[in-house]
**Q** 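Following this message is one structure expressed as structure tokens.
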Amino acid sequence: MRRSLTGTMGALIAVSALTTTAWADGVDQLPANEKKIYEVVDPQVPLGASAYKDFKPKKGPPWKIGYASSYAGNTWRAAALDAVMNDLLPRSKKAGLVSEVVVTQSDLKDAVQIQQMRQMVDDGVDAIIICCSNVTALNQTIEYAYKAGVPVFSFSGYVTSPYAINGAANHAQGGGEMAIWLADKIGKKGNVLLVSGIPGFASSDSFDKAAKDALAKYPDIKIVGEVAGKWTDQVAQVEVQKFLATNPIQIDGILTQGAQENGVLNAMLQSGRDMVPITLGGEASAACYWRQNPEWIDAGFHIWPPRREMQQMWEIMLRTLEGQGPKVQSFLRPVLPFTIDDVRAAIPEDCDLNSTDFVEPKADGWFPSAIADQYFERPADPWKPVAQ
């Protein structure tokens with residue numbers, strides 16, 4: 001399995017239109033093993049040096065943090081917020097690093113998120129984490145925060161502002177790898193249904209473009225439909241059900257983004273059609289179906305592990321506030337395949353097909369400190385208590 005996935009990545013690099021051969025100073029400062037993560041990347045992702053290499057916060061800890069989320073209507077967002085409120089914030093309080101977190105959500109309205117972020121700046125937060133937004137809509141507000149000494153961190157997605165720090169998986173790599181895996185699973189021919197996330201949002205569009213580019217290399221594979229699941233199981237289930245009900249054409253595989261694969265799975269189960277391969281991104285509910293039907297597929301892909309991505313962004317934020325000097329604008333992580341054995345280790349045999357949890361990499365498996373240190377000019381343990 002590992003050998004075949006390595007081959008998949010090689011094929012992706014060979015065929016993808018997103019391959020880059022040179023980077024700005026930021027990524028050029030990284031060691032060779034980390035530069036490889038940026039070989040296939042959405043061309044809009046900022047790869048230059050960080051504006052915060054010499055940043056010093058307005059005051060010492062404990063810091064007040066704003067979390068301006070764009071949406072709260074799915075299990076992924078709930079898991080990410082749970083990571084903040086029940087793990088990262090308590091640990092940070094104990095270390096004397098963070099005093100409180102102010103949380104807002106804008107229900108996918110850019111104007112509302114802009115107003116919420118500006119209010120956070122005016123109310124004296126020391127940093128802002130944003131989630132999964134339009135790549136350009138917030139840029140003026142991010143600059144407003146920067147001028148007020150408030151760094152902005154875009155978690156699980158990216159923005160194009162030079163005054164933000166982005167942290168996410170490489171969604172372009174993920175879209176390509178998942179597409180190539182699905183093509184192999186259906187014998188490199190057949191009809192594919194593409195279930196997008198939220199069109200217009202960074203990670204969704206990066207994934208879809210790379211997936212389409214990869215599938216375009218297979219002349220006998222056709223994308224026969226596209227629906228938007230909005231990263232929400234209930235929405236994805238309805239949209240896929242509507243498509244299947246109104247399009248009697250054969251479907252041989254479904255390529256879906258994460259936080260909605262259980263909705264896609266349920267739509268197929270209720271359609272009366274034979275089950276087909278569906279890409280998995282970590283929802284424990286869909287992984288439970290795989291555990292109970294081990295011959296169904298042979299790999300899942302960690303691209304959106306909510307707690308791990310939030311921990312990554314939180315530690316990048318702490319390091320930046322501590323003056324460690326981030327080298328790059330965008331901290332990308334490689335897509336991590338997982339196997340049925342990983343699923344068996346993560347969830348019990350009597351698992352819940354309606355679980356709202358996620359199968360995620362181990363705590364030190366996504367952005368371990370030894371790797372994180374390579375992204376900073378003056379690396380140190382971000383959790384070490386800082387004298388006030």
Side-chain angles (χ1 to χ4, degrees), residues 12-13 15-30 34-52 68-71 108 110 113-114 117 128-146 151-179 194 196-216 226 228 230-231 255 257-258 303-304 309 312-313 316 326-335 375:
L12 173 59
I13 292 173
V15 304
S16 175
L18 300 176
T19 301
T20 73
T21 56
W23 303 280
D25 288 343
V27 173
D28 277 340
Q29 297 178 79
L30 300 178
E34 290 301 300
K35 284 184 182 179
K36 291 180 180 179
I37 300 169
Y38 296 79
E39 289 179 337
V40 177
V41 66
D42 186 322
Q44 289 193 90
V45 174
L47 301 179
S50 173
Y52 297 95
S69 176
S70 59
Y71 184 54
L108 304 178
D110 292 335
Q113 191 173 22
I114 287 169
M117 291 172 63
I128 298 174
I129 296 175
I130 61 175
C131 181
C132 321
S133 307
N134 180 284
V135 297
T136 58
L138 306 182
N139 284 0
Q140 288 187 340
T141 303
I142 292 169
E143 184 175 0
Y144 176 80
Y146 171 79
V152 174
F153 301 85
S154 180
F155 140 73
S156 194
Y158 69 90
V159 290
T160 55
S161 170
Y163 304 111
I165 293 178
N166 305 294
N170 187 334
H171 298 113
Q173 178 196 344
E177 283 205 31
M178 281 179 131
L194 175 63
S196 298
I198 302 179
F201 280 35
S203 55
S204 181
D205 289 354
S206 293
F207 181 98
D208 284 355
K209 176 172 174 46
K212 290 177 181 179
D213 287 347
L215 290 180
E226 297 182 41
K230 296 189 176 180
W231 296 323
L255 178 59
Q257 297 184 24
I303 306 180
W304 305 273
E309 283 199 286
Q312 174 195 0
M313 194 77 267
I316 291 169
K327 297 178 180 179
V328 297
Q329 286 178 261
S330 299
F331 291 68
L332 298 186
R333 301 314 306 142
V335 174
Y375 281 78

**Q** Considering only NZ, NE, NH1 and NH2 on the basic side and carboxylate oxygens on the acidic side, decide whether Asp213 and Lys209 come within less than 4.0 Å.
**A**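 Salt bridge flag = yes for Lys209 with Asp213.
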**Q** Is the closest side-chain heavy-atom distance between Gln173 and Val41 below 4.5 Å?
**A**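 No. Closest side-chain heavy atoms not under 4.5 Å.
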**Q** Listed by chain and number, what are the side-chain hydrogen bond (donor to acceptor under 3.5 Å, both in side chains) partners of Gln312, not counting sequence neighbours?
**A** Trp366
**Q** Taking only residues two or more places apart in sequence, or in another chain, which ones meet Gln329 in a side-chain hydrogen bond (donor to acceptor under 3.5 Å, both in side chains)?
**A**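 Checked Gln329 against side-chain hydrogen bond (donor to acceptor under 3.5 Å, both in side chains); zero matches.
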**Q** Show every donor-acceptor pair shorter than 3.5 Å between a side-chain atom in residues 157-167 and any protein atom, with sequence neighbours excluded, or say none if there are none.
**A**
unit_1 : atom_1 : unit_2 : atom_2 : d
Tyr158 : OH     : Asp42  : OD2    : 3.1
Thr160 : OG1    : Val135 : O      : 3.1
Thr160 : OG1    : Asn139 : ND2    : 2.8
Ser161 : OG     : Tyr163 : N      : 3.0
Asn166 : OD1    : Val159 : N      : 2.9
Asn166 : ND2    : Val159 : O      : 3.4
Asn166 : ND2    : Ser330 : OG     : 3.1

**Q** Does the side chain of Leu47 come within less than 4.5 Å of Val328's, by heavy atoms?
**A** no
**Q** Check this for me: does any side-chain nitrogen of one of Lys327 and Glu34 sit under 4.0 Å from a carboxylate oxygen of the other?
**A**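 Salt bridge flag = no for Glu34 with Lys327.
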**Q** Please examine the side chains of Phe155 and Ile316, heavy atoms only from C-beta on, and report whether any two atoms are closer than 4.5 Å.
**A** no
**Q** Identify the heavy atoms of Glu309 and Ala169 that sit nearest to each other, and give their distance.
**A** OE2-N, 3.4 Å
**Q** If we ignore hydrogens and angles and just use 3.5 Å, is the side chain of Ser69 paired with the main-chain N or O of Tyr71 as donor and acceptor?
**A** yes
**Q** Taking all heavy atoms of Gly197 and all of Ala228, pick out the closest pair and write down the distance.
**A**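 So the two residues come closest at O-CB, 3.8 Å.
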**Q** Is there a side chain to side chain donor-acceptor pair (under 3.5 Å) between Gln257 and Trp231? Walk through the geometry before answering.
**A** CA-CA 7 Å; Gln257 297 184 24; Trp231 296 323; 2.8 Å; yes
**Q** Kindly compute the distance separating CD1 (Ile142) from OG (Ser154), expressed to the nearest 0.5 Å.
**A**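 Taking CD1 in Ile142 and OG in Ser154, the distance rounds to 7.0 Å.
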**Q** Can you see which heavy atom on Ser50 is nearest to which on Pro326, and at what distance?
**A** CB-O, 3.3 Å
**Q** What distance separates Ser156 OG from Phe201 CZ, expressed to the nearest 0.5 Å?
**A**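 These two atoms lie 12.0 Å from each other.
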**Q** Measure the shortest side-chain to side-chain distance between Met178 and Val335 over non-hydrogen atoms and say whether it is less than 4.5 angstrom.
**A**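 Not touching, per the 4.5 Å side-chain cut-off.
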**Q** State which residues pass side-chain hydrogen bond (donor to acceptor under 3.5 Å, both in side chains) with Asn134; sequence neighbours excluded, sorted by chain then number.
**A** Thr136
**Q** CG of Leu255 to CG of Leu215: how many Å apart, nearest 0.5 Å?
**A**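 If we round to the nearest 0.5 Å, Leu255:CG and Leu215:CG are 6.0 Å apart.
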**Q** Among all residues two or more places apart in sequence or in another chain, which pass the side-chain hydrogen bond (donor to acceptor under 3.5 Å, both in side chains) test with Gln44?
**A**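 Scan of Gln44 (side-chain hydrogen bond (donor to acceptor under 3.5 Å, both in side chains), adjacent residues dropped) gives none.
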**Q** Of all the heavy-atom pairs spanning Ala172 and Ala210, show the shortest one and how long it is.
**A**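 Nearest pair, atom of Ala172 first, then Ala210: O-CB, 3.0 Å.
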**Q** Just by distance, do the side chain of Asn170 and the backbone of Leu332 share a donor-acceptor pair under 3.5 Å?
**A** no
**Q** So which atom in Val27 and which in Lys35 form the shortest heavy-atom distance, rounded to 0.1 Å?
**A**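 Smallest heavy-atom distance, with atoms named: O-CE, 3.5 Å.
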**Q** How are the rings of Tyr38 and Tyr375 set to each other: parallel, tilted or perpendicular (split at 30° and 60°)?
**A** tilted
**Q** If you round to the nearest 0.5 Å, how far is CZ of Phe207 from CH2 of Trp304?
**A**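 Reported to 0.5 Å precision, the distance equals 4.5 Å.
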**Q** If I take atom CE from residue Met117 and atom CD1 from residue Ile128, how far apart are they, to the nearest 0.5 angstrom?
**A** 5.0 Å
**Q** Only counting residues at least two apart or in another chain, list the ones meeting ring pair (Phe, Tyr, Trp, His ring centres under 6.0 Å) with Tyr52.
**A** Phe55, Tyr146
**Q** How long is the gap from CD1 on Ile303 to CD on Glu177, to the nearest 0.5 Å?
**A** 7.5 Å
